[in-house]
Amino acid sequence: MSDITQGESAATSSAHREVANASLFFKRWLANPLQMGSIIPSSDTLCRKIAALVRRAEDEVVVELGAGTGVISRALLAAGVPPERLVVVEIVRDMADHLRAALPGVNVICGDAFELPKALPEAMHGKVGTAICGIPLVLLPRADQQRFVDAVEAVAPGKGFLLYTYCITSPLPYRALGLAAKREVWTPMNFPPASVWHYQPARS
Ligand SMILES: C[S@@+](CC[C@H](N)C(=O)[O-])C[C@H]1O[C@@H](n2cnc3c(N)ncnc32)[C@H](O)[C@@H]1O
């Protein structure tokens, strides 16, 4: 097979994957729009910008909460996170099954991010370098947002989390949740344009 043909088949398989991702995503969106928060997966640009924000010591893991079709997971792997150091948590069973098939070697947990201390193996508690959230927290009542913040804090003390969002301003009332906030990224290269916020426990 020539190089050109190989290139074409790689492009074709990547195009097939994109179509499959978009169709799985849309199916889930129809089933539960509030849980999905968006109608299509995140763009390559947004995924790469998120991956560039990841910090991890050698013995730490990266945890992605609400991994959906795995587009961000793939960008994390491409940016050098070893599969065995990537943990993705997804509450919808068929999406978790899809992630398991699509991301060999990655730790896929079908579970609730709000119950992270229970869902994440104990050996990983305190060993989370970066947590990334794809769950549309903005739509939730304050008490549930606080539950999420507390769940991350229990396994990643002091680290906080990255949250990508289509909101123009902070999607979380961070002071009320005891957090400090920094917008790390804004990109128009996503539909809709997106930001990535880093929230961390506020120093008292
Ligand atoms: C905006 S989508 C993720 C998008 C992903 N970045 C992509 O582009 O494919 C949000 C995901 O969070 C999942 N989710 C929602 N609530 C969750 C929870 N409590 N725990 C874990 N996953 C959750 C949804 O099933 C959905 O797959």
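This chain uses plain numbering: 1 for the first residue, then up along the sequence. Heavy atoms only: backbone and side chains are in, while hydrogens, waters and symmetry mates are out. Indexing begins at 1, ligand by ligand and atom by atom, following the structure's order.
Residue Val185 shares its hydrophobic cluster (ILVMFWY side chains chained together at separations under 4.5 Å) with Leu46, Ile50, Leu53, Val54, Val62, Val71, Ile72, Leu76, Leu77, Val81, Leu86, Val88, Leu99, Leu103, Val106, Val108, Ile132, Leu162, Tyr164, Val196.
Heavy-atom proximity to Ser42, at under 4.0 Å, picks out these atoms of ligand 1: 6 (N), 8 (O). Set against the non-hydrogen atoms of Met95, the atoms of ligand 1 under 4.0 Å away are 27 (O). Counting the atoms of ligand 1 from 1 in the order shown, those under 4.0 Å from a heavy atom of Gly111 are 20 (N), 21 (C). Of all the atoms in ligand 1, the ones that sit under 4.0 Å from a non-hydrogen atom of Thr69 are 7 (C), 9 (O). Each of the following atoms of ligand 1 lies closer than 4.0 Å to a heavy atom of Val71: 7 (C), 8 (O), 9 (O). Every atom of ligand 1 with a heavy atom of Gly68 under 4.0 Å away is listed here by number and element: 9 (O), 27 (O). Which parts of ligand 1 touch Val92 is read off a 4.0 Å heavy-atom cut-off, strictly below it: atoms 25 (O).
The number of heavy atoms from other shown groups lying within 6.0 Å of CD (Glu84) is above 12.
With salt bridges taken as basic N to acidic carboxylate O contacts below 4.0 Å, none links Arg147 and Asp150. A salt bridge links Glu60 with Lys159: at least one charged nitrogen is closer than 4.0 Å to a carboxylate oxygen.
Residues passing the side chain to side chain contact (heavy atoms under 4.5 Å, CB included) test with Pro193 are Trp186, sequence neighbours excluded.
The closest non-hydrogen atom to atom 6 (N) of ligand 1, taken over Phe148, Phe114, Tyr164, comes from Tyr164. The heavy atom nearest to atom 19 (N) of ligand 1, considering only Asp112, Ile72, Ile135, is found in Asp112. Among Arg93, Arg74, Glu90, Glu64, the residue whose heavy atom lies nearest to atom 27 (O) of ligand 1 is Glu90.
Using modelled atom types, one side-chain atom of Ser43 and one backbone atom of Met189 make a donor-acceptor pair closer than 3.5 Å.
Contact annotation: for Ile91 versus ligand 1, heavy atoms closer than 4.0 Å belong to both the backbone and the side chain.
Ligand 1 lies less than 4.0 angstrom from a heavy atom belonging to Ala67.
The aromatic rings of Tyr199 and Phe161 are tilted relative to each other, their planes meeting at an angle between 30° and 60°.
At a cut-off of 3.5 Å, with distance as the only test, no side-chain donor of Arg55 or Thr130 sits close to an acceptor on the other residue.
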